[in-house]
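Heads up: the structure comes next, in structure tokens.
Model, not experiment: these values are computed from the prediction. What's counted below: heavy atoms across the whole structure, side chains too, no hydrogens, waters or symmetry copies. In what follows, residues are counted from 1 in the order of the sequence shown.
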Amino acid sequence: MPQNLATTGIGVAGCGRMGGPMLMALRNAGFDAKGFDIRPASALTLPAKQLLSLPNFAADLRVLITVVRDIDQTDDLLFGAQNLIDTAPHLSTVIISSTLSPRYVRALRDKVPSHITLIDAPMSGAAIAAEEARLSFMLGGEIDALAQHQPLFDAMGAHFHHMGPFGAGMQAKVLNNLLAATNTAMTRLVLDWADQSSIDEAALLKLIHTSSGQNWLASGFDEIEFARDGWAEDNTIGILTKDVASALDAAPEHSDITLPEAVRTAIFALKPRQ
């Protein structure tokens, strides 16, 4: 571990299905990381002692890893209700691991004081990958800053892709998630049609895994916790529609967005699968 990266002062904001396991992975790797969430500890699966009140979380915070849900919660965390940019006196690095619009992320550089390092590090992988510390990170930022903080990513993940300067990681992430959403919509449609043709689900998924239709959702269908879910505002299927919206926000000017819009509509229409 680099001598200039201390094990203390690490904080994870947003300790739900992804942030909670990420926090525990950091602690298991020897970091004295702490968590903060606007939800009560009783609503989370973390040991309560790993969660701090906002004043205590801010007091010694040096490196903030934010895994909150969306832009509104990110604004609250950094500038609004929690206002960690102004209330965490030792804050030196903000790592954005939420999936957000790349336009919003790049604009943060003009809103966050220049002495605070910004890294975008969205991750790919379901909760099982977070729990097993094998997430894939798409990284944007200065090379030296990424190298300094690599031990944090090593603790939480298994694959690391430096995509370019700050904001490039998020751009790559929303493109990746657009593909994931497309695979989700089509895999669920294929399985529904297979039901109507009396084709066994397990047999079809096994076929898809070794054939040209292979994709992440189909190959992990029995492990991915949201694979059978219908759309709900507060679940992962709901987050997929947000991610498609983030990709659309970053679409090149004059792009044909007919297909991404159709994917978003299809995800929104998903019903629970038994």
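- Residues Gln171 and Pro102 come closest through the heavy atom pair OE1-CB, 3.5 Å.
- Rounded to the nearest 0.5 Å, atoms NE2 (His162) and CD1 (Ile143) are 5.5 Å apart.
- The neighbour count for Gln214 CD, taken as heavy atoms of other residues, nucleotides or ligands under 6.0 Å away, is above 12.
- Here the closest non-hydrogen pair linking Ser246 and Val174 is CB-CG1, 3.8 Å.
- Taking hydrophobic clusters as Ile, Leu, Val, Met, Phe, Trp and Tyr residues chained together by side-chain heavy-atom distances below 4.5 Å, Ile65 shares a cluster with Leu146.
- With respect to Arg273 and Asp192, a salt bridge is recorded, a charged nitrogen being found less than 4.0 Å from a carboxylate O.
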Next item on the list: Given side-chain contact (heavy atoms from CB on, under 4.5 Å), test Phe79 with Asp86 step by step and report yes or no.
Entry: CA-CA 7 Å; Phe79 314 110; Asp86 290 331; over 6 Å; no

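- Here the closest non-hydrogen pair linking Ser97 and Val67 is CB-CG2, 4.3 Å.
- Scanning all heavy atoms of the two residues, the minimum distance from Asp120 to Gly167 falls at OD1-N, 2.9 Å.
- With hydrogens and angles disregarded, no donor-acceptor distance shorter than 3.5 Å links the side chain of Arg228 to the backbone of Pro272.
- Nearest heavy-atom pair, Ala194 versus Leu204, reported as atom, atom and distance to 0.1 Å: CB-CD2, 3.5 Å.
- Between the Arg69 side chain and the Gly14 main chain, no donor and acceptor come within less than 3.5 Å of each other.
- In terms of hydrophobic clustering, with Ile, Leu, Val, Met, Phe, Trp and Tyr side chains grouped at heavy-atom distances under 4.5 Å, Leu270 and Phe221 are assigned to a common cluster.
- Environment of CD in Glu201: crowded, with over 12 heavy atoms of neighbouring residues, nucleotides or ligands closer than 6.0 Å.
- Between the side chain of Asn215 and the main chain of Gly213, a donor-acceptor pair closer than 3.5 Å is present.
- Formation of a donor-acceptor pair under 3.5 Å by the Arg27 side chain with backbone atoms of Ala33 is found in this model.
- In this structure a side-chain-to-backbone donor-acceptor pair under 3.5 Å is missing from Arg134 to His159.
- Placement of Leu23 and Leu54 in two distinct hydrophobic clusters is found when ILVMFWY residues are connected by side-chain heavy-atom separations under 4.5 Å, directly or transitively.
- A salt bridge between Lys111 and Asp75 is present, with a side-chain N of the basic residue lying under 4.0 Å from a carboxylate O of the acidic one.
- No single ILVMFWY cluster, assembled from side-chain heavy atoms under 4.5 Å apart, contains both Ile267 and Ile239.
- Paired with Leu178 under the rule side-chain contact (heavy atoms from CB on, under 4.5 Å), one option of Leu259, Val244, Leu248 passes, and it is Val244.
- Heavy-atom contacts from other residues, nucleotides or ligands closer than 6.0 Å to CG of Asn83 number more than 12.
- Applying side-chain contact (heavy atoms from CB on, under 4.5 Å) to Ile95 and the options Leu64, Leu152, Thr66 leaves one that passes, Leu152.
- Using cut-offs of 30° and 60° for the angle between ring planes, the Phe160 and Phe137 rings count as parallel.
- Cluster membership for Leu118 and Leu77, using ILVMFWY side-chain heavy atoms within less than 4.5 angstrom, is shared.
- Annotation for Leu26 and Ala155: closest pair CD2-CB, 4.0 Å, computed over non-hydrogen atoms.
- Asp243 and Asn177 share a donor-acceptor pair across their side chains, judged by distance under 3.5 Å alone.
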